[in-house]
Amino acid sequence: MIYSGAPAAPRVFDSVLRGLLASPDAVTYRPRMKAEPDRETARESIIEFRNVGYRLPNGQPLLEGLNLAVGRGETLVLLGRSGAGKTTALKLINRLLNPSGGEILVEGKSTCSWDAIALRRHIGYVIQEIGLFPHFTIEQNVSLVPRLERWPVDRTSARVNELLNLMRLDPAKFSKRYPHELSGGQRQRVGIARALAVDPPILLMDEPFGALDPLTRGELHKEFRQLQRRLEKTIVIVTHDVGESLLLSTRIALLDAGKLTGVFSVKEFLAAREPVAAAYVANFRMYEEAERTNEPD
Amino acid sequence: MSLIDFFIRHQREILQATLQHIWLVGISMLLAVAIGVPLGIIASRHPWLSKPILGGANIAETIPSLALFGFLLPVPWLGGRADRLVITALTLYALLPIIRNTTAGIGGVDAAVREAARGMGMTENQILFQVELPLSVPTILAGVRVATVLTIGIATIAAAVGAGGLGEFIFRGLAMVNDQLILAGAIPAAALALLADFMLSLLERRLRPARS
Ligand SMILES: Nc1ncnc2c1ncn2[C@@H]1O[C@H](COP(=O)(O)OP(=O)(O)OP(=O)(O)O)[C@@H](O)[C@H]1O
Ligand SMILES: [Mg+2]
């Protein structure tokens, strides 16, 4: 797979985005400097798919021949149409599903030789359907894994407060409520807080910002990038939002009908000739165009 | 008027029979919950076992109660004591609604919630005791409620094998063609069933967890 591009200096993304928003002919944007020699390949890979396939019990393949490596501290975005197999790929990483072929290495060890429980506590997971526990308060939901890990009570409650604040949910207002007393976007943020609770080194996020209004989403994106810079987390995030991908990712992996079409740096993605990637970019630009063409003279 | 007189005159006997009735039903229900909930959990954990478990309970349910007493009579430890015999039979009758509602309750837990629990690294036991069972409590209680009302009725037949209870009056009344005697058994039994139903429904509402 294509594995190059500038390493994760957030400034690069900013300038790419700014360039992208500024120039109308950005479709033809090409990286001016030659990509640096593959510095990233030298980086230790924390998650690695090796020729992974997944089939349903009836034999229908959902993923085929998947090869992909995610380096330490990297944020890989999985992009692809509905039904492409993104959620399936995530569940293979924390062994909610077992591969029918190939293997997945997490920190160099095959998921099959990990203890499944230890593996999952090591990996924060934000599930697509949020899945809060309806009989737990927000506080109990967020503190679930710390409690399973038998953290002392004061440390746990301090952590819950910290996380709720991070997610822009006032602990005084929300910690004693039940999930059904929250809006969809608030629930989604609780789901993210729950996944971050024990500060796991790996995060899997399945459309974590989907239900948020654009302003809250923007705030959380900012928060998320600071988090990325501060903590060396390895993150795989599923999204349908190209803008979000460009903002948050170090690389973008494109899945189509169960197969990996390519892995791109942000720059490469914007310039990609690969048809699906190009379609995403063109679609993304259509909305930018609207801003100009709809302006009344 | 005369019925009320009858009740007042025989209040001690009626009270005693009622207590005996409650005792028979109470012990049977405790046993049925202690056996039925685990069986329901097993059936929901292993789909291949759910057919035999539910099928077995179903069969017990379809045997007419008098016949069931008859079948149990030759069983060594049971046949000798009427109360043991009756409690065993009542327990068998109470099992089906409890097993069925336990599996239904666990099966009704939102798949996303279960998936989240697994994804957070909860063990199967933690998922069962911290997520699935608490969320199933109202459904299981509904089963207990149905089973209780059912056994209060069936327990009146216990008198046929000499285990006492409110059935005593009914059987004596039938033999003596005495309506007042029949009612002395039937009215408290019906009141008991209504009361149990009402109290369990309160409990059920009380324990219903917050749901979206
Ligand atoms: N248990 C299952 N049984 C049958 N089909 C399944 C099952 N799980 C997934 N699929 C199918 O596999 C394909 C991939 O599913 P997956 O959930 O990975 O898609 P996705 O890329 O996450 O899509 P979305 O963006 O809509 O969430 C879909 O076509 C889905 O219908
Ligand atoms: Mg999905």
Heavy-atom contact with chain B under 4.5 Å, split by part of [X]:
X	value
A/Leu144	side chain
A/Ile117	both
A/Leu132	backbone

**Report entry** B/Arg114 atom CZ, over 12 foreign heavy atoms within 6.0 Å
**Finding:**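 Above 12, so yes.
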Report task. Give a yes or no on this: more than 12 heavy atoms of other residues, nucleotides or ligands lie within 6.0 Å of atom CD of A/Glu149. Result ->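 For A/Glu149, atom CD is crowded (more than 12 foreign heavy atoms under 6.0 Å).
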Minimum heavy-atom separation for [X] and [Y], please, with both atom names.
X	Y	value
B/Leu135	A/Pro134	CD2-CG, 3.7 Å
A/Gly131	B/Ala116	O-CB, 3.3 Å
A/Phe136	B/Gln130	CZ-O, 3.8 Å
A/Leu148	B/Met120	CD1-O, 4.4 Å
B/Ala112	A/Ile127	O-CD1, 3.4 Å

Requested in this report: For the pair A/Lys91 and B/Glu115, evaluate side chain to side chain contact (heavy atoms under 4.5 Å, CB included) and give the outcome as yes or no after the intermediate values.
Outcome: CA-CA 10 Å; A/Lys91 287 184 189 170; B/Glu115 184 96 335; 2.6 Å; yes
Query raised in the report: Under a 4.5 Å heavy-atom cutoff, which of A/Glu129, A/Arg95, A/Arg194 has the most pairs with chain B?
Result: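 Among the listed options, the one with the most contacts to chain B is A/Arg194.
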**Report entry** Which portion of B/Ala111 sits near chain A, non-hydrogen atoms under 4.5 angstrom
**Finding:** neither
Requested in this report: State, with a plain yes or no, whether a side-chain heavy atom of B/Val131 is found less than 4.5 Å away from one of A/His135.
Outcome: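 Yes, at least one pair of side-chain atoms sits under 4.5 Å.
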**Report entry** Pairwise side-chain contact, A/Arg120 with B/Arg118, heavy-atom cut-off 4.5 Å (strictly under)
**Finding:** yes
Requested in this report: Would you give the length of the straight line joining atom CG of B/Asp110 to atom CZ of A/Phe133, rounded to the nearest 0.5 angstrom?
Outcome: 10.5 Å
